[in-house]
Each structure stands twice: as structure tokens, then as C-alpha cells.
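Notes to accompany the following structure.
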Amino acid sequence: MIIFWVIYYLILLVLSATFAKLFKSIFLKFLYTPIFFSIFGSIWFIAPGSPEIAPIISIFFLENTILDSNGINRLIRPLVSFLFFFEIISFIFYFSLKRNNF
């Protein structure tokens, strides 16, 4: 299972770097890349009380199509937490680069 998560996040890092190359502005790179990474990289429990975890985007699609709905609110909170965390790290890195004139 660990090999799956390592491969998943390596592919996600490559896709995020490719996504960042779409923008000319460095500020837009630091703004939108964490959003892309948090949407596809945030994880949560498959069902309430279950020890298995999965990416939130896959749980969202499965609950909207074939699984019993356990509530979208349980997925929104960790997604927003991951988004906030990655944006804060991105802006700290951006402003530190801007201050050092890189």
C-alpha cells in the first residue's frame, strides 16, 4: 500500500510541476499550483469509522455516483484544510524568494 501512495504522490508532483509551467507569472504559479495539488493530493477516510484512506476527489466521485452518501461536508473540511495549508506554505516560499531576489 505504501508503494501505491509513493507512486501516486510522485505522479502528482510531476503533474503539478507540469501544471505550473502553464503560467508565465510566478505569482500565478504559486497561487494555482497548491490548489491543483490540494484537490488531487488531499486524503481522507473512505467511510466514517473506516481505517482506510483514499484521495478526496475519488471519494467525492464515488459518493456522487455509486456509493451511499455519507455527506459531502465531511470531505469539504479536510479539502479546505489541505488547501489552506498548501497555500500558506506556497506564499511563504514565494515571499521568501521575492525578498531574496531569486
Side-chain angles (χ1 to χ4, degrees):
M1 191 61 150
I2 297 294
I3 294 173
F4 167 77
W5 287 109
V6 169
I7 292 171
Y8 180 78
Y9 278 105
L10 285 175
I11 291 171
L12 184 60
L13 285 172
V14 169
L15 288 175
S16 294
T18 306
F19 181 74
K21 297 220 184 250
L22 294 174
F23 300 105
K24 301 283 185 216
S25 171
I26 293 178
F27 179 76
L28 290 178
K29 286 181 184 185
F30 281 99
L31 178 67
Y32 289 121
T33 303
I35 293 172
F36 179 81
F37 192 79
S38 66
I39 288 173
F40 293 103
S42 55
I43 56 174
W44 198 242
F45 298 101
I46 293 174
S50 173
E52 295 94 16
I53 57 174
I56 288 179
I57 194 76
S58 66
I59 299 170
F60 178 75
F61 285 132
L62 285 174
E63 282 199 0
N64 283 331
T65 56
I66 60 174
L67 293 179
D68 293 333
S69 179
N70 291 318
I72 300 301
N73 289 340
R74 72 179 191 95
L75 300 175
I76 298 296
R77 288 177 294 182
L79 180 65
V80 169
S81 299
F82 275 91
L83 176 65
F84 183 71
F85 177 72
F86 288 133
E87 283 292 339
I88 293 295
I89 288 174
S90 176
F91 282 128
I92 288 171
F93 189 66
Y94 171 73
F95 288 122
S96 68
L97 286 178
K98 190 174 179 181
R99 185 182 328 168
N100 294 332
N101 295 324
F102 283 109

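Just so you know, residue 1 is the first one in the sequence shown, and it goes up from there.
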Can you give me every donor-acceptor pair (side chain of residues 13-22, partner residue at least two apart or in another chain, under 3.5 Å) with its distance?
unit_1	atom_1	unit_2	atom_2	d
Ser16	OG	Leu12	O	2.9
Thr18	OG1	Val14	O	2.8

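- Note on Leu31 and Phe84: separate hydrophobic clusters, where clusters join Ile, Leu, Val, Met, Phe, Trp and Tyr whose side-chain heavy atoms are under 4.5 Å apart, directly or indirectly.
- Under the 4.5 Å side-chain heavy-atom criterion for ILVMFWY residues, a single connected hydrophobic cluster contains both Phe36 and Phe23.
- The other members of the hydrophobic cluster of Val6, by chain and number, are Ile2, Leu10 (side-chain heavy atoms under 4.5 Å, ILVMFWY only).
- No side-chain heavy atom of Leu79 sits under 4.5 Å from any side-chain heavy atom of Trp44.
- Applying the side chain to side chain donor-acceptor pair (under 3.5 Å) test to residues at least two apart or on different chains, none of the pairs has a partner in residues 2-14.
- Counting only residues at least two apart or on different chains, the side chain to side chain donor-acceptor pair (under 3.5 Å) pairs with a member in residues 72-90 are Glu63-Arg74.
- A continuous path of hydrophobic side-chain contacts links Phe37 to Leu97 [ILVMFWY only; heavy atoms under 4.5 Å].
- Separating the CD1 atom in Ile39 from the CZ atom in Phe82 is a distance of 13.0 Å, to the nearest 0.5 Å.
- Ile92 and Leu28 end up in different hydrophobic clusters when Ile, Leu, Val, Met, Phe, Trp and Tyr side chains are linked at under 4.5 Å.
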Ignoring hydrogens and angles, write down the donor-acceptor pairs under 3.5 Å from the side chains of residues 45-60, residues two or more places apart or on other chains.
unit_1	atom_1	unit_2	atom_2	d
Ser50	OG	Glu52	N	3.3
Ser50	OG	Glu52	OE1	2.5
Ser58	OG	Pro55	O	2.8

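- With a 6.0 Å radius and a threshold of 12 heavy atoms from other residues, nucleotides or ligands, Phe61 has its CZ atom at or below the threshold.
- Partners of Tyr94 according to the ring-ring contact (aromatic ring centres under 6.0 Å, His included) rule, which considers only residues two or more places apart in sequence or in another chain, are Phe27, Phe30.
- For CZ of Phe85, the number of neighbouring non-hydrogen atoms (other residues, nucleotides, ligands) closer than 6.0 Å is 12 at most.
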